[in-house]
Amino acid sequence: MFELAGHNGLGRNVVLNKMFFEHKSAKEMSDNINSKTSPKNWDRVIMHVDMDAFFAAIEIRNDPSLKGKPVIVGGPADKRGVVSACSYEAREFGVHSGMPMARAQRLCPDGVIIGGSLEMYGHVSTQMIKILLDYTPLVEPVSVDEAFLDVTGSMKIWSEPLSHAPLRLARDLKKRIKENLDLTCSVGVGQSRIIAKMASKLEKPDGLTILSRKRYRELFAQKPVSVLWGVGEKTAHALNRMKIITVADLIEFPADQLIKRMGKSAIWLKTIAKGDDTGKVHALDHLPDEKSISHETTFAKDSTDLEYLRTTLLALSVKVARRLRRSEFLAKTVSLKVRSDSFKTITRDKTLSQPTDDQTIIFKTAFSLLPEEFRGKVPVRLLGVKADSLVKRNDLTQLSLFTHGPDSHNQSMSKLNKTIDSIKERFGDSSVKPGTLIR
DNA sequence: TCTGGGGTCCTAGGACCC
DNA sequence: TCTGGGGTCCTAGGACCC
């Protein structure tokens with residue numbers, strides 16, 4: 001951070017964090033921000049709020065005796081569980097989310113393993129969103145523990161001077177989350193979603209980073225392409241084979257050649273490299289409709305027992321159908337997912353003659369898609385059922401708006417409440433919709 | 001070391017239609 | 001007798017994210 005602060009003399013650095021606040025006076029800060037990259041001249045002010053070690057932090061908050069200990073939240077090792085979140089103390093041992101619990105336990109034998117409650121995390125997530133809504137109606141959850149905010153319209157309230165408005169707002173927001181939820185978050189601020197998103201990661205935990213587009217480019221130019229959001233292992237390798245190693249390489253690489261090699265994603269890769277994305281932050285009650293609803297389960301032990309597989313598929317179908325009905329969707333397509341003992345995963349799907357939310361139809365369709373080799377021969381590790389190509393029931397049955405009450409205020413209130421309630425349904429199970437960040 | 005669960009988006013071939 | 005081009009749907013698989 002002091003390295004970044006070292007750029008202050010150039011009058012262009014707008015990277016700030018908690019260290020910065022503690023060590024710099026208001027005067028120094030205003031000198032720092034007072035430049036042509038000042039947030040005051042931004043066309044948009046986007047924030048990304050990312051809760052720190054969310055599940056683990058909630059567990060520690062609820063049981064202070066866990067404070068300072070390596071806390072690991074996830075499924076049990078003997079049921080092939082993985083880590084879904086862990087405290088920073090656990091990370092010191094090399095534990096991270098997505099890691100098999102068996103391995104985490106070996107790395108961190110004294111770690112406190114907690115199964116956790118997705119329902120409770122969803123509840124806290126809802127509380128967090130409610131706080132964020134006090135700053136702007138444009139709050140778009142990305143997952144249980146993350147959201148984008150477009151606070152462009154809120155800037156005037158947080159002046160004077162205007163150049164400090166994003167900083168003041170972000171500090172206030174962090175303070176309120178700390179006071180109300182007793183949790184910390186990291187906030188990234190920038191002129192686009194991608195900049196805000198990348199910025200929030202920089203000073204975790206309890207960070208606050210404001211990044212101009214210029215500074216964003218300076219900061220990431222020499223970093224490997226894999227730091228970019230959306231560039232995973234495979235894409236990084238593909239780019240590396242084209243001699244594209246750093247973010248700067250990606251920016252400089254001729255667009256037409258990149259499109260030839262990478263297809264459509266080339267455009268997006270260039271965009272994130274430059275921090276130029278124009279993606280809007282959706283208002284909470286105008287989120288794009290869900291595209292699919294699915295449930296899957298991994299068995300504690302692989303199974304060749306067809307009756308067991310049937311029962312499991314039925315249970316999964318019931319869960320999927322229930323969610324379809326609750327959210328008033330019908331599915332045009334039913335999809336089955338099977339993972340074998342050798343970890344090979346296949347999917348089979350079928351488009352129905354009539355869209356449905358009926359568990360029996362979903363189950364029968366899913367079961368009929370189960371290939372012969374998995375009916376007693378090849379051991380099955382995982383089964384999944386997905387409802388796809390969703391349509392709103394109302395769109396289909398032509399039920400009109402008139403069926404709702406006449407009181408427009410109550411109507412919009414209940415709509416908002418319903419929307420907030422549905423966050424848990426939609427995001428409370430650590431699901432995400434990464435696509436909305438981009439497209 | 002033995003790899004969860006819930007999502008989104010993209011690609012690609014073949015069918016089918018105009 | 002050889003031969004269009006475009007559009008959309010269906011199905012399977014894969015990359016990626018949290």
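Just so we're on the same page: letters track the sequence lines, and every chain starts at 1. This is a predicted model, so every value here is computed, not measured. Hydrogens, waters and symmetry mates play no part in the numbers below; they use all other heavy atoms, side chains included.
Looking at A/Lys280 and A/Glu140, no side-chain N of the basic residue comes within less than 4.0 Å of a carboxylate O on the acidic one, giving no salt bridge. Note on A/Asp357 versus A/Arg393: salt bridge recorded, some NZ/NE/NH1/NH2 to OD/OE distance being below 4.0 Å. Using a 4.0 Å cut-off between charged side-chain N and carboxylate O, A/Arg217 and A/Asp276 make a salt bridge. Between A/Glu296 and A/Arg339 there is no salt bridge, since no side-chain N of the basic residue sits under 4.0 Å from a carboxylate O of the acidic one. Remark: A/Asp302 engages A/Arg80 in a salt bridge, criterion side-chain N to carboxylate O under 4.0 Å.
With DNA chain B read from its 5' end, the first of the two nearest nucleotides for A/Glu296 and A/Arg381 is the one closest to A/Arg381. Of the two residues near DNA chain C, A/Ala236 and A/Thr351, the one whose nearest nucleotide lies more 5' is A/Thr351. Between A/Gly81 and A/Lys264, the residue anchored nearer the 5' end of DNA chain B, judged by the nucleotide with its closest heavy atom, is A/Gly81.
Listed nucleotides B/dG6, B/dT3, C/dA12 differ in distance to A/Val82; the shortest reach to its side chain belongs to B/dT3. Nearest to the side chain of A/Lys386, among B/dC2, B/dT8, C/dC16, sits B/dT8. Here the side chain of A/Ile293 is nearest to one of B/dG7, C/dG13, C/dA15, namely B/dG7. Each of B/dG7, C/dG13, B/dT1 was ranked by its minimum atom distance to the side chain of A/Ile346; first place goes to C/dG13. Out of B/dT1, C/dC16, B/dT3, the shortest distance to the side chain of A/Thr235 is found at C/dC16. Set against B/dG5, C/dC10, C/dC18, the side chain of A/Asp145 has C/dC18 as its closest nucleotide. Nearest nucleotide to the A/Ser294 side chain, out of B/dG5, C/dC18, B/dG6: B/dG6. Which of B/dG5, C/dA15, C/dC17 sits closest to the side chain of A/Lys234 comes down to C/dA15. Of the candidates C/dG13, B/dT8, B/dT3, B/dT8 carries the atom nearest the A/Lys291 side chain, counting heavy atoms from C-beta on. Listed candidates were B/dT3, C/dC18, B/dG6. Nearest to the side chain of A/Glu146 is C/dC18.
With rounding to whole Å, A/Asp388 atom CG is found 12 Å from C/dA12 atom C1'. In this entry the distance linking NE2 of A/His237 with P of C/dG14 reads 18 Å, nearest Å. If you measure from atom CE of A/Met99 to atom P of B/dC2, you get 12 Å, rounded to the nearest angstrom. The CE-C1' distance, from A/Met262 to C/dG14, rounds to 13 Å in whole Å. As a whole-Å value, the separation of A/Phe54 CZ from C/dC18 C1' is 12 Å. Put simply, CG on A/Asp302 is 12 Å from C1' on B/dT3, counting in whole angstrom units. For A/Leu383 and B/dG5, the CG to C1' distance is 14 Å, given to the nearest whole Å. When rounded to the nearest whole Å, the span between CG of A/Asp349 and P of C/dC10 equals 10 Å.
A side-chain hydrogen bond (donor to acceptor under 3.5 Å, both in side chains) with A/Lys204 is found for exactly one of A/Thr209, A/Thr184, A/Asp52, namely A/Asp52.
One finds a side-chain N or O of A/Trp229 lying less than 4.0 angstrom from the OP1 or OP2 phosphate oxygen of C/dC18. Checking the phosphate oxygens (OP1, OP2) of C/dT11, no side-chain nitrogen or oxygen of A/Arg348 falls inside 4.0 Å. OP1 or OP2 of B/dG6 has at least one side-chain nitrogen or oxygen of A/His295 nearer than 4.0 Å.
A/Val231 comes within 4.0 angstrom of sugar-phosphate atoms only, judged by non-hydrogen atoms across all strands, and of no base. Note on A/Gly75: nothing from the nucleic acid sits closer than 4.0 angstrom, heavy atoms only.
Contact annotation: the side chain of A/Leu324 approaches that of A/Ile362 to within less than 4.5 Å [non-hydrogen atoms, C-beta and beyond]. A/Phe363 places none of its side-chain heavy atoms less than 4.5 Å from the side chain of A/Val320.
Pairing for C/dA12 goes to B/dT11, judged as Watson-Crick or G-U wobble with the two contacts each under 3.5 Å.
If you take atom P in B/dC2 and the same atom in C/dC18, they sit 26 Å apart, rounded to whole Å. With both ends at atom P, the span from C/dT3 to B/dC17 equals 24 Å, rounded to whole Å.
A cation-pi arrangement is present between A/Arg91 and A/Tyr88, with the terminal nitrogen or guanidinium carbon under 6.0 Å from the aromatic centre and inside a 45° cone about the axis.
Near DNA chain B, meaning a heavy atom under 4.0 Å away, the residues from residues 333-344 of chain A are A/Arg339, A/Phe343.
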